Colleague: 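Got a structure for you, questions after.
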There are 2 protein chains.
Amino acid sequence: MSERGRGPDLSRGEFGLLILGLVGRREMYGYEIVAQLRATTDGVVDLPEGTVYPALRRLERDGLIAGRWVEMAEGTPRRRYYRLTTAGEHALAVGREEWLRFKAAADSVLGS
Amino acid sequence: MSERGRGPDLSRGEFGLLILGLVGRREMYGYEIVAQLRATTDGVVDLPEGTVYPALRRLERDGLIAGRWVEMAEGTPRRRYYRLTTAGEHALAVGREEWLRFKAAADSVLGS
DNA sequence: TCTAGATACCTAGAGGCTCTAGGTCAAGGC
DNA sequence: GCCTTGACCTAGAGCCTCTAGGTATCTAGA
């Protein structure tokens, strides 16, 4: 087994890894992820909802995160909270290392 | 004017910026760029020709690089050498800064 | 009152990129 | 005779982001 669906690759412009990074800290819901991403990165990463929600569905489909619906108080919209699965924790660890390698590689080309 | 074709964005998985980085060092041809990219990054960035040649055409179309054909010796294939244009130098400078910002942003999310 | 914004979810389709999987042609090694 | 190397090229698949909407409720402001 293994080598099945290699997980999100930041170096190829896939922001799924950043979502894994946030969800790895604590359970989080989509709308919150959008805001946290913007806040944590000082606005540098500012993904529209049309990017984040489909990405969450892919990550869940691929078994890297697991979601559950949480009903909120009267008239407040319900939320879908996500947490990392074991596969997601692994993908995050792998992704972090790939990111380190890619950073060094790009820096060596760009001379930073 | 300006704000026309913002140049390649590494954070979105566009490798054009890495090509600009190499060509910015010295005049280079496609086949050489493929090899240099692999060598410089220790194999981490290993783009197939089917990625690099179309990227070179886009960069040239967008006025960031300029190419010229160089005939080689008897029976050796000719090469198309590329150099940065002024716009390309600017795009490289902008891209480098964006890359620095994105690196910091991703690190702050991934906690590296 | 009416509008706008925030909260929270969703989707269809366009656009644009990488990558696969080929192809061309000549020289040189085995 | 065949494979590898050098050097270029392309069509199409695949996949992702992003645009531009939509739903629904509540609150604030003009």
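Bear in mind that the values here come from a model prediction, so they are computed numbers and not experimental data. Heavy-atom basis, side chains included; hydrogens, waters and symmetry copies ignored. Proteins get letters first, then strands, A, B, ... in listed order; numbering begins at 1 in each.
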Colleague: Among the candidates D:dC18, C:dC10, D:dC8, find the nucleotide nearest to the side-chain atoms of B:W69.
Modeller: D:dC8
Colleague: D:dG6, OP1 or OP2 - any side-chain N/O from B:R78 closer than 4.0 Å?
Modeller: no
Colleague: About how many Å separate CZ of A:R25 and CD of A:Q36, when rounded to the nearest 0.5 Å?
Modeller: 7.5 Å
Colleague: From CG of B:L47 over to P of D:dC9, roughly how many Å is that when rounded to an integer?
Modeller: 16 Å
Colleague: Could you run down nucleotides 23-30 of chain C 5' to 3' and tag each one B, S or - for protein heavy-atom contact under 4.0 Å?
Modeller: ---SS---
Colleague: Using atom CD of A:Q36 as one end and atom C1' of C:dT7 as the other, report the distance to the nearest whole Å.
Modeller: 15 Å
Colleague: Decide, yes or no, whether a salt bridge links A:R26 with A:E32 under the criterion of side-chain N to carboxylate O below 4.0 Å.
Modeller: yes
Colleague: Taking only N and O in the side chain of A:Y31, is any of them less than 4.0 Å away from OP1 or OP2 of C:dC9?
Modeller: no
Colleague: Round to a whole Å and report the spacing from CD of B:E60 to P of D:dC8.
Modeller: 12 Å
Colleague: Just wondering, do B:Y31 and B:V52 contact through their side chains at under 4.5 Å, heavy atoms?
Modeller: no
Colleague: Report yes if a side-chain nitrogen or oxygen of B:R58 is closer than 4.0 Å to either non-bridging phosphate oxygen (OP1 or OP2) of C:dC17; otherwise report no.
Modeller: yes
Colleague: Nearest-Å distance, CZ (A:R68) to C1' (C:dA8)?
Modeller: 16 Å
Colleague: For A:R79 and C:dC9, what is the distance between atoms CZ and C1' respectively, to the nearest whole Å?
Modeller: 12 Å
Colleague: Salt bridge or not for B:R79 and B:E27, using N-O below 4.0 Å?
Modeller: no
Colleague: If the cut-off is 4.0 Å, is A:Y53 near the phosphate of C:dC9, judged by side-chain N/O to OP1 or OP2?
Modeller: yes
Colleague: From B:R38 CZ over to B:D46 CG, what is the distance, rounded to the nearest 0.5 angstrom?
Modeller: 5.0 Å
Colleague: Can you tell me if A:Y29 touches the phosphate of C:dA8, counting only side-chain N or O atoms and a distance under 4.0 Å to OP1 or OP2?
Modeller: yes
Colleague: Got a sec? Which of residues 9-24 of chain A come in under 4.0 Å of DNA chain D, heavy atoms?
Modeller: A:G13, A:E14, A:F15
Colleague: What is the distance from CZ of A:R57 to C1' of D:dC15, rounded to the nearest Å?
Modeller: 17 Å
Colleague: Strictly below 4.0 Å, N to O, side chains only: are A:R80 and A:E60 in salt-bridge contact?
Modeller: yes
Colleague: Starting at CD1 of B:I33 and ending at P of D:dC9, how long is that distance when rounded to a whole Å?
Modeller: 11 Å
Colleague: Say you draw a straight line from CZ of A:R57 to CD1 of A:I65; how long is it, rounded to the nearest 0.5 Å?
Modeller: 10.5 Å
Colleague: Would you call B:D42 and A:R101 a salt bridge, taking side-chain N to carboxylate O under 4.0 Å as the test?
Modeller: no
Colleague: Heavy-atom distance under 4.5 Å between the side chains of A:F102 and A:D9, does that happen here?
Modeller: no
